A.B. asks: 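Here you go, one structure.
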Amino acid sequence: MTEAPSPADFIRDIIASDLENRVNNGRLQTRFPPEPNGYLHIGHAKSICLNFGVAAENPDGKCNLRFDDTNPEKEDVEYVDSIQEDVRWLGFDWEERKFYASDYFEPLYGYAEELILKGKAYVCDLSASEMREYRGTLTEPGRASPYQNRSVEENLDLFRRMRAGEFPDGSRVLRARIDMASPNMNMRDPALYRIRRVEHHRTGNAWLIYPTYDYAHGISDALECVTHSLCTLEFEDHRPLYDWILDQLDLPCRPRQIEFSRLSLEYTVMSKRKLNALVQSGRVSGWDDPRMPTISGLRRRGYTPESIREFCRCIGISKSPNRVEHALLENCLRSDLEARAPRTMAVLRPLKVVIDSLPEGYEESLTVPVHPQNEAMGKRTIHFTREIFIEQEDFRESAPKQYKRLVTGGEVRLRNAYVIRCREVIKDDDGAILEIRCEHDPATLNANPVGRKVGGVIHWVSATRCVTGQVRLYAPLFIVTEPDALKGDIVEHVNPDSIEILTGCRFEPALAEMTDSLSYQFERLGYFHRDRDSITGHPVFNRAVSLRDAWSKIAQSL
RNA sequence: UGGGCCGUCGCCAAGCGGUAAGGCCCCGGAUUUUGAUUCCGGUAUACCCAGGUUCGAAUCCUGGCGGCCCAGCCA
């Protein structure tokens, strides 16, 4: 897949202009800063594509991976591992630049003492709830903490004792001294450090006090000499604080924060809290459940890195609120796989067909293309036999004239093989169809029948030369376009029909040999991805996305 | 009734004073042994609304309206 260049957007415009004006001596440094408290989702992919993408587009641009691990209560190595795997899988490389905010705990502490020395920070003994009261509201200014005017010496002493573990958790915080009357809540003396006796996944028990995001992020950016710190819109109100902190300190570099709107996608949720709730509740099988919007879920579902990158390119970068249609994501996968997925035939819901015009035990090997539009992908062998399976929905005893598949007495083309005509329908005592009896037209292999037109083509698999396995079909996790607006526990709103497991599906034997690919087009059905639950002789496939289906629209209007 | 941000086709999204790009969706039609793909063609006299400036405004000004975010010792 040839990748189209990302179109310009307001952030790329700013960067191009900064580069041209040599704002950072012509340097470009970005960073992708996930908190390791959950798995990455497609919203993160947008940020990854932006940060790594913009760096790759410029000659000396670099993008760091930085784990924003300042809150040990929620973080875990499981997440740092999965995040790295996902970023790599998406096709991006941080080279030797993998960092952790926890790498900076010592310098961060030093800068905090510097703030104290400058009279810009103080130790506050207010409890969390008292602090909330003192903060005021959106429309009323806050009041100064009674501890706001402690001496530098006392603050320094107290802060050092906070570090030394002399005070209980939550009893004191270090706060910035800014403006309790600011209309921006973030500027009302925000907390910089809190006491938490929690083991950190990297620093262990070395620290009892941990910096807050607002304090650590800008300094981390500056220490890494990040030039453009790209984040989502909800941090817009934090920018004055980000700048304030950088302004007080003597740092090697001066990064600039720029915000863009986060991604929302129809029929799913994106918050890690809600995704975690889905996992914990058991409503999905895990973070990589193919219905999840996580990178690992999409990967298991059958999405390719190329398709996700293309999606991120298509949605663009802006500041407007958005909710992207699911159809766009699907389109990106289809267009990627259309070009390169090997074709095969599979029957999901088998209906037996006996071709009476063929002798018992008849078998004919047919050599057919792996991809009809791409000869270079080679050939595969399929087996035409007296007994075959077709899709149950490809046969009807009677049907409207728009129905182009097999009907009693009618003809249809078996894809890659012959035209057959249905002679008889065999039913059980309850009237359920057991099998159908057909005859084939031997003159129709690679040739059109003479004197009549056969409009329909259906797929099939030999009943005697096939492998049996499982297919999982998926529907959206939620049936409403905006599940975030749903009341109550999100877990209760999961679409019970979001997964359908089909057993007894039949596949071409050649499928077992085509091991160089994990993604296939099952002709007329969609793109399917071999799941890791497959075992030898019993494949399991997930349907990543169906093919566009004009018939379903016609059928609905009938 | 504090502050910040946003409002261009059903959904994304260009546009940066000179007379509305593109993609997705949708609708026609052609080709087709995948009702797929591909290919042609169609789809905003209109840019949240109302005034104003200008020869000329989606773009500038004023005033409205609507939406999102912020009162964690989360990020």
Side-chain angles (χ1 to χ4, degrees), chain A residues 4 7-9 13 33-35 37 68 70-71 73-74 124 126-128 131-133 135-142 169-175 182-188 190-196 209-210 212-214 216-217 231-240 259 261 266 272-273 313-332 334-335 338-339 343 345 368 372-373 402-405 413-419 444-448 454-459 481 521-526 546-555:
Chain A
D9 53 61
D13 287 348
E35 182 188 14
N37 68 342
D68 217 335
T70 56
N71 183 3
E73 286 176 335
K74 300 178 174 177
C124 179
L126 253 24
S127 69
M131 235 174 101
R132 184 159 47 244
E133 279 172 41
R135 187 156 33 230
T137 68
L138 294 178
T139 52
E140 305 157 29
D169 283 13
S171 60
R172 288 175 223 260
V173 293
L174 181 72
R175 289 228 254 173
S182 172
N184 182 342
M185 302 295 286
N186 296 302
M187 300 298 268
R188 320 243 265 225
L192 268 23
Y193 268 90
R194 64 288 215 189
I195 307 172
R196 285 280 179 286
I209 58 172
Y210 291 99
T212 59
Y213 164 86
D214 282 316
H217 203 87
C231 64
T232 44
L233 249 26
E234 65 272 25
F235 293 103
E236 221 158 11
D237 289 342
H238 294 243
R239 194 171 64 231
E259 312 84 11
S261 52
E266 283 182 346
K272 281 196 262 189
R273 204 203 97 242
R313 197 186 65 77
C314 284
I315 58 177
I317 297 291
S318 73
K319 297 184 75 156
S320 23
N322 62 79
R323 176 151 235 114
V324 176
E325 288 180 336
H326 193 254
L328 181 61
L329 216 209
E330 292 188 326
N331 173 70
C332 293
R334 285 194 191 105
S335 58
E338 158 58 28
R343 310 289 129 124
M345 292 193 286
V368 303
Q373 275 85 238
Q402 293 94 331
Y403 186 81
K404 302 200 304 194
R405 288 111 100 143
R413 156 81 61 187
L414 292 177
R415 163 127 255 235
N416 294 131
Y418 301 85
V419 169
T444 54
L445 184 66
N446 300 319
N448 285 128
V454 175
V457 181
I458 64 172
H459 57 94
T481 56
Q521 185 194 95
F522 290 179
E523 288 190 295
R524 299 211 310 133
L525 295 175
S546 66
L547 255 30
R548 269 199 196 80
D549 183 8
W551 165 245
S552 70
K553 285 173 199 160
I554 298 167

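Throughout, protein chains are lettered first and strands after them, A, B, ... in sequence-line order, and every chain is numbered starting at 1. The model shown is predicted, which means the values in this text are computed figures rather than measured ones.
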A.B. asks: Considering only atom P, compute the distance from B:G41 to B:C24 and round it to an integer number of Å.
C.D. replies: 15 Å
A.B. asks: Mind checking the P distance from B:G42 to B:G23? Whole angstroms is fine.
C.D. replies: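 About 13 Å, rounded to a whole number of Å.
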A.B. asks: When the C1' atoms of B:G17 and B:A58 are compared, how many Å lie between them, rounded to an integer?
C.D. replies: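 Per the computed distance, 11 Å lies between those C1' atoms.
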A.B. asks: Could you measure between the two P atoms, the one in B:C16 and the one in B:U53, and give it in whole Å?
C.D. replies: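 Going atom to atom, P in each nucleotide, I get 24 Å.
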A.B. asks: Give the intermediate values and the outcome of side chain to side chain donor-acceptor pair (under 3.5 Å) for residues A:R548 and A:N331.
C.D. replies: CA-CA 9 Å; A:R548 269 199 196 80; A:N331 173 70; 3.1 Å; yes
A.B. asks: With respect to the side chain of A:A550, which nucleotide from B:C74, B:G23, B:G35 is positioned closest?
C.D. replies: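 So the side chain of A:A550 is nearest to B:G35.
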A.B. asks: For B:G66 and B:A57, measure between their C1' atoms and round to the nearest Å.
C.D. replies: 22 Å
A.B. asks: Considering only atom C1', compute the distance from B:G15 to B:C60 and round it to an integer number of Å.
C.D. replies: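 One C1' to the other, the span is 15 Å.
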A.B. asks: Does A:R188 reach the main-chain N or O of A:R135 with its side chain, forming a donor-acceptor pair under 3.5 Å?
C.D. replies: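 Pair found, side chain donor or acceptor close to backbone of A:R135.
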A.B. asks: Give one of base, sugar-phosphate or nothing for A:H238, where a contact means two heavy atoms less than 4.0 Å apart.
C.D. replies: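 Base, at least one base heavy atom under 4.0 Å.
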A.B. asks: If the P atom of B:C61 is compared with that of B:U54, how far apart are they to the nearest Å?
C.D. replies: 15 Å
A.B. asks: Any ion pair linking A:E35 and A:K74 (charged N to carboxylate O, less than 4.0 Å)?
C.D. replies: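 No salt bridge links A:K74 with A:E35.
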A.B. asks: With sugar-phosphate meaning primed atoms plus P, OP1 and OP2, does A:E259 contact a base, only sugar-phosphate, or nothing at under 4.0 Å between heavy atoms?
C.D. replies: nothing
A.B. asks: Which nucleotide wins on minimum distance to the side chain of A:T212, given the candidates B:A75, B:U33, B:G23?
C.D. replies: B:A75
A.B. asks: Just wondering, do A:Y213 and B:A75 stack (centres under 5.5 Å, planes under 30°)?
C.D. replies: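 Stack criterion not met.
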A.B. asks: Could you check A:A417 against A:D169 and say which one's nearest nucleotide on RNA chain B is further toward the 5' end?
C.D. replies: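 Taking each residue's closest nucleotide, the earlier one in sequence belongs to A:A417.
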A.B. asks: Would you indicate which nucleotide in B:G72, B:C5, B:U33 comes nearest to any side-chain atom of A:R135?
C.D. replies: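 For A:R135, the side-chain atoms sit closest to B:G72.
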A.B. asks: Once you apply a heavy-atom cut-off of 4.0 Å, does A:R405 come out as touching a base, just sugar-phosphate, or nothing?
C.D. replies: base
A.B. asks: What's A:T444 touching, base or sugar-phosphate or nothing? Going by heavy atoms closer than 4.0 Å.
C.D. replies: base
A.B. asks: Starting at the 5' end of RNA chain B and moving along, which residue's nearest nucleotide shows up first, A:C124 or A:R413?
C.D. replies: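 Of the two residues, A:R413 wins.
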A.B. asks: Using atom P of each nucleotide, how far apart are B:C48 and B:U59 to the nearest Å?
C.D. replies: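 Here B:C48 and B:U59 have their P atoms 8 Å from each other.
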A.B. asks: Partners of A:Q373 by side-chain contact (heavy atoms from CB on, under 4.5 Å), sequence neighbours excluded?
C.D. replies: A:E338, A:H371
